[in-house]
Chemist: 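Dropping the structure in here first, questions after.
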Amino acid sequence: MQLMLLLVAVLLPVLGVLLYHLENGRQAARHFAAERVRIMAHATASSLGNLLRDHAAVLGRIAQRPMVMALDAQSCDPIIGEFVKLYPEFTNLVVQDLAGDNDCSFLDKKITREQLRAIPGFHEAVGSHGMTVGDGTLGPLSGRWISVLFHPVKDAGGRATGLISLPMDLVQLGERLLGGLPQGALVVVYDRSGRILLRSRDSQDWIGRPVPAEWFPLASARSVEGAVATSADGVQRLFAFAPVEQAGWTVVAGVPTADVFADANAAFTAGSLLALLILALALALALRIGRGIVRPIEALSRAAADVAAGQTATRVQMASGPRELWAVAQQFNGMLDARDRAQAGLRESEARFRTLADLSSDWYWEQDADYRFVRFDGRVLDGTGIPGEDYVGKTRWELPALNLTPADWDRHRAILEARQPFRDFEILRLGPDGKERWGAVSGTPILDVQGRFCGYRGVGTDITERKRLEQERLRLSLHIEELSRRMVQSQEEIRRRFSRELHDRTSPNLAALRINLDIITKATPAERSTAEFAGRVEDTQALIEDTTISVREICAELHPPAIDCGGLLGVVQSYAQQFARRTGLQVNVECPHGEVRLAHDLELALFRIVQEALTNSAKHAQARTVTVLLQFDASPLLVIVSDDGVGFDVEQAMKSRHTAGLGLINMRETAEFAGGRFTLQSVPGHGTRICVEI
């Protein structure tokens, strides 16, 4: 009896697995059928959606035609008739203004304003900015079941002034979309009121009828396995539902359950009978099993007891016995080996997880239900300056934070009380070493298997360096803002200087020219032959020449033309020659590779620096010689201006911008704007050296 029970105990799992696979096969067949029906429903819904989008695009183009926008019933657009003739699935095309007048339509019989208002979807269309789709209704003119597409007509200012109505013949639409369905399949489309719009079978008999009431909860459920229900024709089918979002319609696709589950049910019945037959044969064979299986079973029992006691190194030792029991023993031993391998893999996975956690964060923490720390792992001392053991037993807000107020902690506690996760909560701590450290912590609530709150766990990251970089970036941003402000001031100062120079150098000449021209134009023929008249003409020509030279020099100061064609070297040499003639200083320009061209803005900025440096040498240095060195092939690029003047104390001069003067400030800021570095070297009695590195 025990042997029989043992055999039954061994065979029952096998039979259970067999029945399980049979049931899985039946469920797979049901799932396949449900997926097929779902694809059919969504494909139909997609086709309807694409069709409606195409119609929306066409109506949008029609609404933009000038004759349609004019809304003149005496001059209707010819496209109204051509469109309906081209697409016979539409029964009419109507264009009206919002008052219902100026009716242009395909049919000779005009639809009244009251009839149009009664069509579903009209009131929604009046306030819509795009195409709207109405539910099914019986056409007042055609007498056929239709769904009307509405599209606004707007004037040039974008205001709605009229409405396009396009009735679709639902019978022809159904024949177009649902004509190629598989044998036995049924597809129904119904509107928001539950009225059937399209049906793949006998559509003329079913359009306009209400769908079965049990379809509505099935459509809301959206089951992935499909829904079994009896359709209106009395056939039980497996249904799937899909929405047509733009119209608010619902597509229902179904196949008869008798066709879907017939093969699976037959296979399940045959498999069940086969399982029962195997069980009966196994019971019959149990009577013939000898005592030879007792000892192997005892060996298996002892091994199982040892494993249950925690001796997982135990293996079944079986020298002889039935082949089946020997196979069971091998499987048992293999299961233990697999368990050992799984545990080794788990340990490896835990080690890999810890490595990834260390790479993604600096420390790990846990809190109990009272928000007190119970565990810390990782580099918490490096990240916060406080050892992990100083946190244990305390809440986060019991340790001082330099950047958080009581209101900030109240908001943080509110998040914890709401059992919500939080990310990147930034805390500034002052460690025992006196150093400030920034940390960002993230956490998530811990729930047990019953859903009870147990605390929080999370990670922390040292963001001290990131905060330092943010502060440095803010400092640089403010510095750039100050540079921009000063650059604007410098530009304004340059404009005022050139404005005064233009006025001082040209206004007297222009006034004298006006006086001479007045005298010349009023002179008599006798006066024009005198020497005095010839001298006045000569004086006028000299004034014009002097004014021209002054304007040319001022323009050259504003933007030297040589820089566009000759580059930086050419304009520096030209300016140096003019500067030497004007001041008497000896200016030497050195450039090993003058053929190298730089960006235009960079050349102009470097020229302004050289120009300002030469001006300072002439005004303040009392120098005899100035040397300008240009090195375009160096890295970094160098511009050096040095003189043999009296020099000055750089540290004392740069303490105040008023002492330093605008010239030095302008040169420094121009160099920084160009992305370079400005260096000033000078000693009293030993000249001055200005260096710009780009």
Side-chain angles (χ1 to χ4, degrees), residues 47-177 191 197-198 207 244 246-249:
S47 298
L48 267 174
N50 292 335
L51 181 67
L52 292 175
R53 281 190 291 273
D54 292 341
H55 291 342
V58 171
L59 289 179
R61 290 193 292 270
I62 293 176
Q64 294 175 356
R65 292 176 65 89
M67 295 183 69
V68 173
M69 295 174 64
L71 297 174
D72 186 0
Q74 303 302 320
S75 180
C76 295
D77 196 316
I79 197 174
I80 295 175
E82 295 173 359
F83 182 85
V84 178
K85 291 178 181 179
L86 186 62
Y87 299 100
E89 62 266 28
F90 299 108
T91 62
N92 196 5
L93 177 61
V94 181
V95 178
Q96 288 184 332
D97 60 16
L98 295 180
D101 301 323
N102 298 319
D103 189 324
C104 289
S105 64
F106 170 75
L107 298 177
D108 294 333
K109 184 179 180 181
K110 305 300 183 181
I111 188 169
T112 65
R113 187 63 171 176
E114 290 72 25
Q115 290 174 331
L116 191 59
R117 286 178 179 274
I119 292 177
F122 172 81
H123 297 284
E124 293 86 346
V126 171
S128 175
H129 297 288
M131 189 187 81
T132 56
V133 183
D135 291 338
T137 184
L138 198 61
L141 300 182
S142 63
R144 290 178 285 181
W145 281 98
I146 60 172
S147 172
V148 181
L149 307 180
F150 296 96
H151 195 284
V153 177
K154 299 180 180 180
D155 60 13
R159 294 170 299 183
T161 57
L163 199 64
I164 298 176
S165 308
L166 184 64
M168 294 188 299
D169 190 326
L170 295 177
V171 174
Q172 292 196 24
L173 179 61
E175 292 174 355
R176 175 182 175 184
L177 290 178
D191 60 19
L197 302 178
L198 308 175
I207 291 180
V244 183
Q246 187 170 359
W249 298 349

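As the structure is a computational prediction, the values presented were derived from the model and not from experiment.
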Chemist: Evaluate the side-chain proximity of Asp103 to Gln96: yes if any heavy-atom separation is below 4.5 Å, no if none is.
Modeler: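 They are in contact (side-chain heavy atoms under 4.5 Å apart), so the answer is yes.
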Chemist: Disulfide bond (SG atoms under 2.5 Å apart): which pairs involve residues 117-152, sequence neighbours left out?
Modeler: none
Chemist: With sequence neighbours excluded, what pairs up with Phe83 under the ring-ring contact (aromatic ring centres under 6.0 Å, His included) test?
Modeler: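 Only Tyr87, Phe90 meet the ring-ring contact (aromatic ring centres under 6.0 Å, His included) criterion with Phe83.
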Chemist: Identify, with sequence neighbours excluded, every residue that meets side chain to side chain contact (heavy atoms under 4.5 Å, CB included) alongside Pro78.
Modeler: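 Checked Pro78 against side chain to side chain contact (heavy atoms under 4.5 Å, CB included); matches are Met67, Glu82.
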Chemist: Which pairs count as ring pair (Phe, Tyr, Trp, His ring centres under 6.0 Å) when at least one residue sits in residues 130-151, sequence neighbours excluded?
Modeler: none
Chemist: Listed by chain and number, what are the salt bridge (charged side-chain N to carboxylate O under 4.0 Å, His left out) partners of Arg176, not counting sequence neighbours?
Modeler: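 Applying salt bridge (charged side-chain N to carboxylate O under 4.0 Å, His left out) to Arg176 gives Glu89.
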Chemist: Heavy atoms only: give me the nearest Gln172-Pro88 pair and the separation to one decimal.
Modeler: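 In this case the closest contact between Gln172 and Pro88 is OE1-O, 3.5 Å.
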Chemist: Going by the salt bridge (charged side-chain N to carboxylate O under 4.0 Å, His left out) test, which pairs reach into residues 114-128, not counting sequence neighbours?
Modeler: none
Chemist: Roughly how far, to the nearest 0.5 Å, is CG of Leu177 from CG of Leu48?
Modeler: 5.0 Å
Chemist: Once side chain to side chain contact (heavy atoms under 4.5 Å, CB included) is applied, do any residues pair with Asn50, and if so which ones, sequence neighbours excluded?
Modeler: Ser46, Arg53
Chemist: On a heavy-atom basis, which atom in Pro152 and which in Gly130 lie closest, and how many Å separate them?
Modeler: CD-O, 3.4 Å
Chemist: Sequence neighbours left out, what pairs pass salt bridge (charged side-chain N to carboxylate O under 4.0 Å, His left out) with at least one residue falling in residues 156-175?
Modeler: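 Qualifying pairs, neighbours excluded: Arg144-Asp169, Asp155-Arg159.
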Chemist: Could you tell me if the side chain of Ile111 sits less than 4.5 Å from the side chain of Ile119, heavy atoms only?
Modeler: yes
Chemist: Can you name the side chain to side chain donor-acceptor pair (under 3.5 Å) partners of Ser105, sequence neighbours left out?
Modeler: Lys110
Chemist: Starting at CG of Leu86, measure out to CD1 of Ile79 and round the result to the nearest 0.5 Å.
Modeler: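 The CD1 atom of Ile79 is 9.5 Å from CG of Leu86, to the nearest 0.5 Å.
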Chemist: Quick check for you: to the nearest 0.5 Å, what is the distance between Ile164 atom CD1 and Leu149 atom CG?
Modeler: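 These two atoms lie 11.0 Å from each other.
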Chemist: Can you see which heavy atom on Pro167 is nearest to which on Ile146, and at what distance?
Modeler: CB-CD1, 3.7 Å
Chemist: Testing the basics here: between Val153 and Met69, what is the closest heavy-atom pair and its distance to 0.1 Å?
Modeler: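 Minimum heavy-atom separation between Val153 and Met69: CG1-CA, 3.9 Å.
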Chemist: Can you list the residues that meet the side chain to side chain donor-acceptor pair (under 3.5 Å) rule with Thr161, with sequence neighbours excluded?
Modeler: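 With neighbours one apart ignored, the set is empty.
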Chemist: Taking C-beta and beyond as the side chain, do Asn92 and Ser142 meet within less than 4.5 Å on heavy atoms?
Modeler: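 Result no, sub-4.5 Å side-chain heavy-atom pair not found.
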Chemist: Which pairs pass side chain to side chain donor-acceptor pair (under 3.5 Å) with one or both residues in residues 125-141, sequence neighbours excluded?
Modeler: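 Passing the test, one end in residues 125-141: Asp135-Arg192.
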Chemist: What disulfide bond (SG atoms under 2.5 Å apart) pairs are there with at least one residue in residues 49-84, not counting sequence neighbours?
Modeler: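 For residues 49-84, and leaving out neighbouring residues, the disulfide bond (SG atoms under 2.5 Å apart) pairs sorted by first residue read Cys76-Cys104.
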Chemist: Under 4.5 Å between any side-chain heavy atoms of Leu163 and Phe122, yes or no?
Modeler: yes
Chemist: Mind listing the closest non-hydrogen atom pair of Leu170 and Gly136 along with its distance?
Modeler: CD1-CA, 4.4 Å
Chemist: Can you find a heavy atom in the side chain of Leu166 that is under 4.5 Å from one in the side chain of Ile62?
Modeler: no
Chemist: Of all the heavy-atom pairs spanning Leu71 and Asp97, show the shortest one and how long it is.
Modeler: CD1-CB, 3.8 Å
Chemist: Report the distance from atom NZ of Lys109 to atom CG of Leu141, rounding to the nearest 0.5 Å.
Modeler: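 Result: 5.5 Å between the selected atoms.
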